[in-house]
J.: 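To start, I am sharing the structure in question, which I have written as structure tokens.
From a predicted model like this one, the values you see are computed outputs, not experimental measurements.
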There are 2 protein chains.
Amino acid sequence: MSSAPAITHVGFIGLGIMGRPMTRNLLKAGFDVTVHSRTRSKVDELAGEGAHAADSPAAVAERSDLVITMVPDSSDVELVARGPKGVFEGLRTGAIVADMSTISPSVTRALADDAASRGASWLDAPVSGGDSGAIAGTLTIMVGGDAAAFERARPVFQAMGKRITHIGPSGHGQTAKLCNQILVAVNLLATSESLVLAAKAGLDLERLHQALSGGAGNSWSFENLGRKMLARDFAPAFMVRLQQKDLRLVGEAARELGAPVVGTSVVEQFLRALEASGRGDDGTQALVTVLESLAQTTVQGARA
Amino acid sequence: MSSAPAITHVGFIGLGIMGRPMTRNLLKAGFDVTVHSRTRSKVDELAGEGAHAADSPAAVAERSDLVITMVPDSSDVELVARGPKGVFEGLRTGAIVADMSTISPSVTRALADDAASRGASWLDAPVSGGDSGAIAGTLTIMVGGDAAAFERARPVFQAMGKRITHIGPSGHGQTAKLCNQILVAVNLLATSESLVLAAKAGLDLERLHQALSGGAGNSWSFENLGRKMLARDFAPAFMVRLQQKDLRLVGEAARELGAPVVGTSVVEQFLRALEASGRGDDGTQALVTVLESLAQTTVQGARA
């Protein structure tokens, strides 16, 4: 229905733990990919695998029908888009920017307005699924912005993800991601409180975990992070300090909207204690250690 | 391995919304079942379906190898067991009491000691899965008490449930149930906070629900109770006032054990507000209406 040509040239800015495997999946799907990162070695790495290297976000935009940004925070996206040699300097008329970072919904709307004034479209398209989802190409992608731009971008998203939903207008993808982070955070508190009470009562935690998995108390968190807690595996799939960044965004959005986020705010404060104790690079399942230290117990699975 | 004979005669005390279908499944499995309830009409109903009627808990115990109690609270179980014409008056040597109510772990241990002093065994065997699980015979059953008694009772449990776990010694079944209720309560808060923030931001809640189900934020609560919230379906599968009873038990156990239950206590207080407003007989998913009234919004799914 659309007269806009299919997207063939994709730009990718931000080659971190998520960006690199996402870029590889775009290359695998046959897109002509141009990459940029502040770290030259990461650009070289992807260039060695078939991507074009660009020395600025503007240079990426000049070669691309669609530019993906995947950077840590709102201010990083603003700098990449509006800064010197930024995306907006090189953006073609009719092009699309798909920001797959997790950032503020209100900053997103302002950037989308900017893009529109330059004859381009801005999609917010944050993801969940972590680095394993990025590698496997099974990310969940929540998209806000113009429906026609979403349809044009869909084949690009399909190269990186599986559950791809157009949530609504600009900013709604980011808000959906924040709703996901509320669930992730508060379910993690549920898992921790439950296992710590069980440990204090001296229960066999492996049997407990087996009994409660699959029931009405079950969650992705209980199944997956609960199991890691019992195994004392605190390696990061999702780091405490990144979860904290997302919960800060939740707090800001909740304040703007007038929405109460009581449980989320409890989790944010417990994770703050964890960061203060130097464990910001642990996986979020380390939240349980805060409750453990309050209760002077350890959630330990199979006994020696 | 055990020389104790197989259980053929089962007693059932408490013929409420759970007890009646559980009794029917015992009859279906071929057990000789004797029932008692304070409400005579419920006894007559089951007698018409093949159960023997007894006019007291003691009379049930006199005819039974295993006596099941399924009543509301700790004090009800104490009365049924120790009261006049109670189970302990009629209990046979070598018999088993399986208390499938949700009650206090410490009250449970005292009752188990009493039973042992009379030459009988006490199993705590609370369930989850609600009336639909009771009807389908798919209850989750978490059992505490003597392992040999558990093995003898297993065929009886198998007539009513599916996921049957011997958690550990006396009281550990009840504690496992409380751990389940912590998960249920706090996951419900997660679901409510997330949907209320989304509603305040004007998101299409059906699309949001679809996008987040199956991801890292997912839970039984989000999938099932979230869907009911969007449909404005507050019919009870599990009533607010019963959830409150269970959270009171969580609070008591947590106090005895020295375990922090921060999230659970927030939910207890929100549900208290709901009860105070006269909605104690609603399903627990009505928790969302407390956050809705704080935020002055409504979590409504498909728009008219």
J.: Heavy atoms only, distances under 4.5 angstrom: which of Gly133(B), Gly168(B), Ala176(B) has the most pairs with chain A? Name it, please.
T.: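 Between Gly133(B), Gly168(B), Ala176(B), the count favours Ala176(B).
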J.: Examine whether an atom of Val266(B) lies under 4.5 Å from a heavy atom of chain A, and if so say whether it belongs to the side chain, the backbone or both; otherwise answer neither.
T.: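 For Val266(B), side-chain heavy atoms alone lie under 4.5 Å from chain A.
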J.: Given heavy-atom pairs under 4.5 angstrom as the criterion, report whether the side chain, backbone, both or neither of Thr165(B) touches chain A.
T.: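 Contact with chain A involves the side chain of Thr165(B) alone.
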J.: Between Asp124(B) (side chain) and Ser170(B) (backbone), is there a donor-acceptor pair under 3.5 Å?
T.: no
J.: How far does CH2 of Trp220(B) sit from OG of Ser219(A), to the nearest 0.5 angstrom?
T.: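 Result: 13.0 Å between the selected atoms.
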J.: With heavy-atom distances below 4.5 Å as the criterion, would you say the side chains of Leu212(A) and Met142(B) are in contact?
T.: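 Side chain of Leu212(A) against side chain of Met142(B), heavy atoms only: contact under 4.5 Å found.
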J.: Just by modelled atom types, is the Ala231(A) backbone N or O under 3.5 Å from a matching donor or acceptor in the Gln300(A) side chain?
T.: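 Such a contact is absent between Gln300(A) side chain and Ala231(A) backbone.
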J.: Of the listed residues (Val261(B), Val196(B), Ile164(B)), which shares the most heavy-atom pairs with chain A below a 4.5 Å separation?
T.: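 Result: the option with the highest number of such pairs is Val261(B).
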J.: Side chain, backbone, both or neither: which part of Phe238(B) has a non-hydrogen atom closer than 4.5 Å to chain A?
T.: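 Looking at Phe238(B), nothing touches chain A.
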J.: If we only count heavy atoms from C-beta on, is the Val127(B) to Met70(B) side-chain gap below 4.5 Å?
T.: yes
J.: Flag the one option from Leu225(A), Asn180(A), Leu178(A) with the top tally of heavy-atom pairs under 4.5 Å to chain B.
T.: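 Looking at each of Leu225(A), Asn180(A), Leu178(A) in turn, Asn180(A) comes out on top.
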J.: Given 3.5 Å as the limit, does a donor-acceptor pair link the side chain of Glu275(A) with the main chain of Val240(A), or not?
T.: no
J.: Can you tell me which portion of Thr140(B) sits under 4.5 Å from chain A's heavy atoms? Options are side chain, backbone, both or neither.
T.: side chain
